[in-house]
Amino acid sequence: MVYTAASPASGRAEKISTLEISHISKAFPNIQALDDVSLDIRPGEVLAFMGENGAGKSTLLKILNGDYQPDKGTILLNGVPISFPNPSAAHRAGIRVIYQEPEIIPWVSVPENIYVGELPTRFGFVNRQQLNAAVQNSLAEYGFEQVLPIHLLGYQLSSAQRQLVEIMRALKSGVRVLALDEPTSSLTDEEVERLFTLVRKLRDDGVAIIYVSHRLNEIRRLCDRVAILRDGKLITVQPVSELPQSQIVSLMVGRELSDVFQRRDANTGRRVLEVQGLHSTWHRDIHFYINAGEIVGFSGLVGAGRTELAKVIFGADRKTAGRVLLEGQVVNIRRPDEAIAMGIGFAPEDRKREGLILIRSVLENASIAVLRQLTRLHFIQRQREYDLVSGYVQKLHVATPSVEQIVGKLSGGNQQKVVLSRWLAVNPRVLILDEPTRGIDVGAKAEIYSLLDELAGQGIAIMLISSELPEILGLSDRIYVMQNGRITGELTRAAASEEKVLALAMTDNLSTVSDSSLR
Amino acid sequence: MTADSVQPARKRSIQTENSGFRRLINRIGADNLSLLLALAVLIFLITVASGWVGLDGGDKFFTWQNLMNSVAQAVVIVGLLAIGETVVIVAGGLDISVGSIASIGSVMSASVLVGAGMFTTITFLPAGSVVIAVGMGIVVGMMAGIVNGLIVTVLRVNPIIATLGTLAAFAGLAFLLAPDGKPVGVVTQPEFTWLAQGRLFQDLPIPDLNGSKWTGVPFLTVILIFVTVIFHVLMAFTDFGRAIYAIGGNETAARLAGINLNRVRVLMYMLSGGVAGLAGVLLTARTTSGNPINGVGLELQAITAVFLGGAATAGGKGTIIGTFLAVIVVGVLNNGMNLLGFNTFVQRVALGLLLIGAVAVSQWRQAREEKARARAMARQA
C-alpha cells in the first residue's frame, strides 16, 4: 500500500470535487425520513446541518456513509453518479462520517487504531517504528501531539480523543468530504477550540465539511452555510451570515399545529409530585412540580437528562441530593418497587429493552406490577388477573388475538398499550411516560393522546417526556425545558411555542457557567 | 391502524386453529411432546432395534425389576437437583454448585443422625431422629444456596463464576464437616435408610411384567414426584414463579416493573440449595453413609436434564414438567446403555454430547422463532 503521513493537501492537489445530493428520498415504516432532498457540498466550506430530533439529519449522514441506501435519488461526485453499498465503499470514495462514538479497539495503541486493517508490515510483522513515526508526524502537523499521546490504548481514550482517532483514520486515506455528527456534545471548551482549529485547517486544505450540531453559537462561529431540515424535507440552504438566530429556530419548527391533538382545558388540583433541589450524576439543582390532573411536558434535546430524571424519581437511578415530595410528604424511593407501592408508574422510552418481557404473554406483562395484590398466599387468582387485564385490553383497544398472546408478536402501538395497561392497573397517582408514542403509527398515537387526556381528567399527575414538539405543545398544561442536566425554563400552555421551547433547549445560555463539571 | 380493523377476522381464524388436535398439543406443549417422542424412540431403540444389530439385554427393559429399581429409583437424585436447577436457569442464572451442596447435605444429615464429629457435643440436636437429620440436611443446603445468592446479588459476581467457586468451596467444606474427612456410616439406622430402600404400594394386585414380580414403588420416587409437583405449582401458579420467568425474560424490564431482583434471586438459590441438600440426605440413605464425595459430578447431569427439558440458555423459558420428562429420558438412556453392555465411559461421552445437543437444538429453535417474529413485524410494517 501507499504509506504516507496523513495529509489531505498532499494527496489531492488535483481538481477538488463537489459532492451533490440529488432528489434523495428514504422511508422507514411509519415515517418518511427523507423526502426529495437535493443539496451540494462544496470543497473548502463548512456546511451546517440543522433540524429537530427526527428531522432527517442522521438518515442523510447514514446514506452518505453507506449505512443506508436511498429509496430514490442519486449522489454525484464531480457530476458522476456513485453509490455506496457499504461504509468502506464510501470511505474509498473519500467520504467519512465521524459519529459521536467511533469504533475503537480497546486493547491496541492509537497508531494501530488509526491504521487498523492496513498496518505497515515488514516480514509479516507490524513495523511499529514506521507506524508510530508517521502518526506522530501527522498529529504534530495539526497540533494534536499533546492531545492524543500515541502510546495510549483504545480504552484509555476520552470521547474527544476517540473522535480524533476517527478523524485521523479519515485523513490518512485522503478524505474529500468529512461529516461530523454533533462532535462537541461531549467535549470540554478547550477541546472544542482545538477541534475548530482542525476543522478550519481541513477546510482551507479543500476538504468539504458537514457539521451537525444543535449549538447555534458554534454554527455561527464555524460554518459558512446552513442547511435546515424539517420532517425529512430540506427547508433552506443559506449562508449563515444571512440568517439571524431566531430565524434558524423558526425555520426548524414552522409546523402547522392544527392537525395535532389539542387537550381540553384541565382542572388541576393539589400538588401531587414535587422535586426540590435534586442533584444526580446527570442533574443539577432540579426543581419542578406536577399537580393532580395536570400533564406536564418535559422537552429538550436528546441527552438533556430527561429520561435520567424520570429514572431517578422512579428509584431506578440514584439522586445525590435533593428532596422528592409525594402529596406533600418527603419520600425516599430507593427501588422501582417502592415507587410503584407509592403509586408512581413509569413507561420507559425503550419498550423492547426496558418495558416489556417480549417472550411472555400480554397477560403476564400487563399484570406484573400489581400481581402481588392479585394473589392469596402467593397463589395467583387467575380469574381476577384475567378479568383485570381483559378489561384494560378492551378499554385501550389492544389488537391481540388473546391475552395469552406473546407480547413480542404485537405491533409497536399495541405493545405500548400493553405497557400502559400495566401502569393503569396500578391505579397510579403519578404516571411518568417517556416517549410514549415513539415508533407508533398515527392511529395508535391519537388513541394514546386521548387516553392521556382522559387519565389527567381522572386526577392523575402525568409527567410526559417527548422529543416531538407538537406532542408536547398539544398535550401539556405546562412545559419544563431541559438542557444539559438542568431545567432551563418553564412555560405555561398559553405562553409556549415551538420557537420558545427550542430556544430554551438549544441556546447556550449557560455557557458562562462551566458545564464541564457535569460530565 | 389497520391492525385494529382486521382484529375480528384474525381472532376467528386463531380460534378455529385452536380446536381439537391443536388444542391438545398446546395443552401438553410442543417441547414436552418432542420429549415424549424422544422417549418413545429411545425405548424402541433399546428394546427392539438393539436386537437387529446383535446387542442383547434389551428384553430386560420392560420388567418391574428394571423399571422400578434401575429407572424410577436411579433418576431420583439427579431429578431433584435438576428440578431446583430449573428455577435458577429459567431466571437466567446457573447453579453449578448443586453437586457439592448435595455432598454437604449428605455429610450433615449423617453426622446429625449418628452424633458424629462436632455433633457429638451439640446436645440440642438429639441423635437418632430421622426428622431432624433430614431437616438439617435441607437447612444446610438452603444456607449454602443463600451464600450463592448473596455472592451473585451483593457482590455482583457472574453466576457461572460464583457457583464454580462455591462448587470447589462447598466440596471442601463437605470434607471439613466429616470427622477426619471420612465418611459417616448410617448402616445402624434402619429408619433412616428406609428412605432409600422403602417401597410403597407393594400389596397392590399388579400382574407380573415379563416374568418379573411387582415390587412396589420406591419411596425415593415418591419424594421426587412430590417435589416435582410442589415446584411445578410454585413456578406455574405463584407470583414467585412469575417473577422468575420475568427476570429470565428481561431483567431490566422486570426491575422497572417493580420486581425486587435481589430478593427473588437469593430466594431461588436458596430453593435450589435446599433441594440439593435433600438430594444429599437421600444419597446418604441410599449409600448408607454420609460421604463427602457423594455429590461429585452430579451437577453435569442435572444441568443437562434442564436444557434437554426445553429451558433456554438466555433464560425466561423452561418448565418443571419439561425437566421431569428430560430426567426420565436421561435415566432411560443410562439404563438402556447399562442393559446393552456399554461401559460407563461410553455413557459419559453420551451424556456430554446430549448436553451440547440439547442446547444446540434450543439455540436453533430460538433463532428460528426470532426470525419468524422479525418477519411478522416486517409484514405489519
Side-chain angles (χ1 to χ4, degrees), chain A residues 28-30 311 314-316 335-341 345-348 350-360 364-365 367-372 374-375 377-380 382 397-402 404-406 408-414 419 422-423 426 441-444 446-447, chain B residues 1-15 17-18 26 90 92 233-234 236-264 312 314-318 366 369-370 372-381:
Chain A
F28 294 108
N30 301 330
K311 286 190 175 173
F314 193 60
R335 287 191 316 263
D337 53 316
E338 294 180 346
I340 294 166
F346 170 51
D350 189 338
R351 275 190 305 276
K352 291 179 197 296
R353 243 176 41 75
E354 302 195 317
L356 292 164
I357 299 142
L358 291 174
I359 60 171
R360 306 303 302 181
E364 290 182 29
N365 273 285
S367 68
I368 184 168
V370 283
L371 198 60
R372 193 73 184 79
L374 299 172
T375 59
L377 298 170
H378 290 281
F379 280 87
I380 297 162
R382 294 220 163 187
H397 309 293
V398 183
T400 176
S402 79
E404 304 291 344
Q405 175 77 337
I406 302 298
K409 291 184 177 169
L410 301 182
S411 70
N414 286 305
V419 175
R422 172 193 299 166
W423 296 117
V426 171
D441 65 272
V442 185
E447 285 185 74
Chain B
M1 210 59 285
T2 49
D4 280 345
S5 48
V6 299
Q7 185 204 354
R10 195 189 290 167
K11 202 172 193 173
R12 214 174 301 127
S13 75
I14 282 181
Q15 272 165 356
E17 260 177 56
N18 270 0
N26 281 344
V90 167
V233 168
L234 190 72
F237 302 110
T238 69
D239 54 348
F240 174 78
R242 281 288 177 78
I244 292 285
Y245 282 105
I247 292 176
N250 185 341
E251 184 186 316
T252 312
R255 185 171 63 99
L256 290 178
I259 287 176
N260 187 336
L261 295 186
N262 287 0
R263 191 171 64 195
V264 173
K317 271 185 189 162
Q366 225 166 297
E369 270 170 35
E370 261 156 42
R373 197 181 306 155
R375 267 199 301 273
M377 292 302 286
R379 263 201 305 277
Q380 278 174 355

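Keep in mind it's a predicted model, so treat the numbers as computed, not measured. Lettering of chains follows the sequences in order, A, B, ..., and the numbering in each one begins at 1. Values below: every heavy atom of this structure, side chains too, minus hydrogens, waters and symmetry copies.
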J.: Who passes ring-ring contact (aromatic ring centres under 6.0 Å, His included) against A:F346, sequence neighbours left out?
T.: A:F314

J.: Counting heavy-atom pairs under 4.5 Å with chain A, which one of B:A254, B:A257, B:A243 comes out on top?
T.: B:A257

J.: Looking at every non-hydrogen atom in both residues, tell me the closest pair between B:G318 and B:V90 and how far apart they are.
T.: O-CG2, 3.7 Å

J.: Show the nearest heavy-atom pair for residues A:L410 and A:Q405, with the distance to one decimal.
T.: CD2-CG, 4.0 Å

J.: Before giving the answer on side-chain contact (heavy atoms from CB on, under 4.5 Å), spell out for A:E364 and A:I357 the whole-Å C-alpha distance, their side-chain angles and the decisive distance to 0.1 Å.
T.: CA-CA 9 Å; A:E364 290 182 29; A:I357 299 142; over 6 Å; no

J.: Heavy-atom distance under 4.5 Å to chain A: side chain of B:F240, backbone, both or neither?
T.: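 Nothing of B:F240, per the 4.5 Å heavy-atom cut-off to chain A.
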
J.: With a 4.5 angstrom heavy-atom cut-off, which part of A:I340 approaches chain B: side chain, backbone, both or neither?
T.: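 When you check distances to chain B, only side chain atoms of A:I340 fall under 4.5 Å.
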
J.: Check A:I368 against A:R422 and note the closest heavy-atom contact, atom names and distance.
T.: CG2-NE, 3.3 Å

J.: Between B:N250, B:V233, B:L234, which has the largest tally of heavy atom pairs under 4.5 Å with chain A?
T.: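 Sorted descending by pairs with chain A, the first entry is B:N250.
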
J.: For the candidates A:R382, A:R372, A:E338, which exhibits the highest count of non-hydrogen atom pairs separated by less than 4.5 Å from chain B?
T.: A:R382

